[in-house]
A.B. asks: 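Have a look at the structure that comes next, please.
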Amino acid sequence: MMHVPSMLKSYPKDLGGVDQVKLAACIAACFESAQTCTACADACLSEDSVGELTQCIRTNLDCADLASATGNVLSRHTGYDVNITLSALRACWMVSKACADECEQHADKHEHCRICAEVCRRSEQACMDLITALG
């Protein structure tokens with residue numbers, strides 16, 4: 001996701017006082033989380049114990065959808081509305097935490113869940129960092 005900072009810098013208007021480092025980190029973390037959660041859900045579906053992973057699959061898919069949507073919202077700056085941005089960030093923070101919590105319960109048995117939990121924790125932190133920076 002090395003292109004995120006470049007795209008922020010190339011935006012033709014002033015981005016205001018937003019911390020571009022935290023914004024870029026959050027965008028990258030959201031998209032990484034979306035991909036990882038999608039892959040984890042798919043891996044869970046391939047496990048012999050798939051019946052025990054129903055909640056994990058659901059949480060992964062919810063996290064993937066919200067993380068992707070949040071990354072998209074954060075990538076748009078024209079007509080910026082801080083309330084929409086903060087709402088998206090809070091939702092992504094919440095689902096990232098829930099997904100990490102769920103995946104951690106399976107991390108000792110399934111490597112994909114361990115990886116997903118780590119990625120979701122990074123997304124959770126990146127969202128909170130940006131929420132804090134935005135006030």
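Note that the structure is predicted; figures quoted are calculated from it, not measured. Throughout, residue positions are numbered sequentially from 1 according to the sequence presented.
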A.B. asks: Which atoms form the tightest heavy-atom contact between S75 and I27, and what is the distance?
C.D. replies: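 Heavy-atom minimum between the residues: OG-CG2, 3.8 Å.
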A.B. asks: Minimum heavy-atom separation for C30 to C127, with atom names?
C.D. replies: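 Between these two residues, the closest heavy atoms are SG-SG, 4.3 Å.
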A.B. asks: Work out which heavy atom in T59 is nearest to a heavy atom in C99; give both atom names and the distance.
C.D. replies: CG2-CA, 3.3 Å
A.B. asks: If we ignore angles and hydrogens, is there a donor and acceptor under 3.5 Å between the side chains of E47 and H112?
C.D. replies: yes
A.B. asks: Atom CG in L89, atom OG in S123: separation rounded to 0.5 Å?
C.D. replies: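 L89 atom CG to S123 atom OG measures 9.5 Å (nearest 0.5 Å).
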A.B. asks: Strictly by modelled atom types, are Q125 and D129 linked by a side-chain donor-acceptor pair under 3.5 Å?
C.D. replies: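 Per modelled atom types, Q125 and D129 side chains form a pair under 3.5 Å.
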A.B. asks: What's the spacing between I57 CD1 and L61 CG if we round to 0.5 Å?
C.D. replies: 7.5 Å
A.B. asks: Calculate, to the nearest 0.5 Å, the distance between atoms CZ and CG belonging to R58 and L53 respectively.
C.D. replies: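 Going from the CZ atom of R58 to the CG atom of L53 covers 15.5 Å.
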A.B. asks: What are the two closest non-hydrogen atoms of E102 and C56, and how far apart are they?
C.D. replies: CG-CA, 3.5 Å
A.B. asks: Against E104, only a single residue in R121, K97, K109, R114 fulfils salt bridge (charged side-chain N to carboxylate O under 4.0 Å, His left out); can you say which?
C.D. replies: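 Between E104 and the candidates, salt bridge (charged side-chain N to carboxylate O under 4.0 Å, His left out) is satisfied uniquely by R121.
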A.B. asks: Might you confirm whether atom CD of E52 has over 12 heavy atoms from other residues, nucleotides or ligands at distances under 6.0 Å?
C.D. replies: no
A.B. asks: Identify each donor-acceptor pair in which a side-chain atom of residues 64-74 lies under 3.5 Å from a protein atom, sequence neighbours left out, and give them as a table.
C.D. replies:
| residue | atom | partner | partner atom | Å |
| --- | --- | --- | --- | --- |
| T70 | OG1 | L66 | O | 2.8 |
| T70 | OG1 | A88 | O | 3.3 |
| N72 | ND2 | S68 | O | 3.3 |

A.B. asks: Shortest non-hydrogen contact from H77 to L23?
C.D. replies: CE1-CD2, 3.8 Å
A.B. asks: Enter the distance from R90:CZ to M128:CE here, rounded to the nearest 0.5 Å.
C.D. replies: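 If I round to the nearest 0.5 Å, the distance is 8.5 Å.
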A.B. asks: Determine yes or no for a side-chain-to-main-chain donor-acceptor pair under 3.5 angstrom, with S10 supplying the side chain and M7 the backbone.
C.D. replies: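 Confirmed, S10 side chain pairs with M7 backbone.
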A.B. asks: Between CG of N60 and SG of C40, what distance do you get to the nearest 0.5 Å?
C.D. replies: 4.0 Å
A.B. asks: Spell out, as yes or no, whether a donor-acceptor pair under 3.5 Å connects the side chain of D42 to the backbone of T38.
C.D. replies: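 The answer is no, because no donor-acceptor pair under 3.5 Å joins these two groups.
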A.B. asks: Checking Q105 against C113 for the side chain to side chain contact (heavy atoms under 4.5 Å, CB included) test, could you report, in this order, the C-alpha distance in whole Å, the side-chain angles of both residues, the deciding distance, and whether it holds?
C.D. replies: CA-CA 8 Å; Q105 294 180 39; C113 287; over 6 Å; no
A.B. asks: Quick check: does any side chain N or O of Y11 sit under 3.5 Å from a backbone N or O of R76, one acting as donor and the other as acceptor?
C.D. replies: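 Flag not set: sc Y11 to bb R76 has no pair under 3.5 Å.
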A.B. asks: Taking side chain as C-beta onward, heavy atoms only, is S33 less than 4.5 Å from C116?
C.D. replies: no
A.B. asks: Looking at every non-hydrogen atom in both residues, tell me the closest pair between E124 and S96 and how far apart they are.
C.D. replies: N-CB, 3.8 Å
A.B. asks: Are any of the side-chain heavy atoms of C26 and F31 separated by less than 4.5 Å?
C.D. replies: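 When only atoms from C-beta onward are counted, F31 and C26 do not touch, as no gap falls below 4.5 Å.
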